[in-house]
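Reckoned from all heavy atoms, side chains included, excluding hydrogens, waters and symmetry mates.
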Amino acid sequence: QVQLVESGGGLVQSGGSLRLSCAASGSIFSIYAMGWYRQAPGNQRELVAAITSGGSTNYADAVKGRFTIARDNAKNTVYLQMNSLKPEDTAVYYCNADLQLVGGGPRKYRYWGQGTQVTVSS
């Protein structure tokens, strides 16, 4: 019905950069907020950054000034530019989208991607 496909994860040295992408496809009528979460082993999933359809953004304190979230509404895609990466950024990163389905009325649904591993070596 709806798929979110992430790409761009990998292994990088401390201080390096990575860019994550997440493309939504399927029976989508409209996408509202999109965001990135991460989950490290033994930890709960936590918000990294979010962006509304109008472009308003919200960041976790731990990534402010280093990460930038952006979206291309025409492509139903959200990006996460990660700079000055630290070993503590190591986690599986998940994107999500709050959206309305074609023929689904006004109800909003939250969909998640499958996750992409980001590993930062010291």
For this session: Just do the side chain to side chain contact (heavy atoms under 4.5 Å, CB included) check on Leu101 and Phe29 with the steps written out, would you?
Result: CA-CA 5 Å; Leu101 300 174; Phe29 177 74; 5.9 Å; no

For this session: Take Asp98 and Arg110 through the test salt bridge (Lys or Arg N to Asp or Glu O under 4.0 Å) and record every step on the way to the result.
Result: CA-CA 4 Å; Asp98 294 333; Arg110 173 163 288 187; 2.7 Å; yes

For this session: Take Arg38 and Glu46, measure what side chain to side chain contact (heavy atoms under 4.5 Å, CB included) needs, and give me the verdict at the end.
Result: CA-CA 5 Å; Arg38 67 186 181 186; Glu46 62 179 6; 2.8 Å; yes

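At least one side-chain heavy atom of Leu47 sits less than 4.5 Å from a side-chain heavy atom of Asn58. At least one side-chain heavy atom of Arg71 sits less than 4.5 Å from a side-chain heavy atom of Ile31. Between Cys95 and Tyr37 the shortest side-chain heavy-atom distance does not fall below 4.5 Å. The shortest distance between side-chain heavy atoms of Val78 and Ile69 falls below 4.5 Å. Between Tyr79 and Thr68 there is no side-chain heavy-atom pair separated by less than 4.5 Å. Between Tyr59 and Val48 there is no side-chain heavy-atom pair separated by less than 4.5 Å.
A continuous path of ILVMFWY side-chain contacts below 4.5 Å connects Leu20 to Val12, so both sit in one hydrophobic cluster. Connection of Val2 to Tyr109 is established within a shared hydrophobic cluster, with ILVMFWY side chains joined at heavy-atom distances below 4.5 Å, either directly or through further cluster members. Follow the hydrophobic side-chain contacts under 4.5 Å out from Tyr94 and you never reach Leu4; the two are in separate clusters.
Within the 3.5 Å criterion, the main-chain N or O of Gln39 finds no donor-acceptor partner in the side chain of Arg45. Under the 3.5 Å distance criterion, the side-chain polar atoms of Asn96 are matched with a main-chain donor or acceptor of Gly35. Of the possible donor and acceptor atoms, none in the side chain of Gln81 sits under 3.5 Å from a partner among the backbone N and O of Phe67. Asp89 places a side-chain N or O within 3.5 Å of a backbone atom of Lys86 that can act as its donor or acceptor partner.
The NZ atom of Lys75 sits 14.5 Å away from atom OG of Ser25, with the distance rounded to the nearest 0.5 Å. If you take OG on Ser17 and CG on Asn83, they are separated by 3.5 Å, rounding to the nearest 0.5 Å.
Residues Asp72 and Thr77 bring no donor and acceptor atom of their side chains to less than 3.5 Å of each other. A side-chain donor from one of Gln100 and Tyr32 sits under 3.5 Å from a side-chain acceptor of the other.
By the neighbour-count criterion of 12 heavy atoms within 6.0 Å, atom CD of Gln3 is sparsely surrounded, having that number or fewer from other residues, nucleotides or ligands.
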Under 3.5 Å, which donor-acceptor pairs link side chains of residues 111-122 to any protein atom two or more places apart or in another chain?
from: Tyr111; atom 1: OH; to: Gln1; atom 2: OE1; distance (Å): 3.4
from: Thr116; atom 1: OG1; to: Gly9; atom 2: N; distance (Å): 3.4
from: Gln117; atom 1: NE2; to: Ala91; atom 2: O; distance (Å): 3.4
from: Gln117; atom 1: NE2; to: Thr119; atom 2: OG1; distance (Å): 3.3

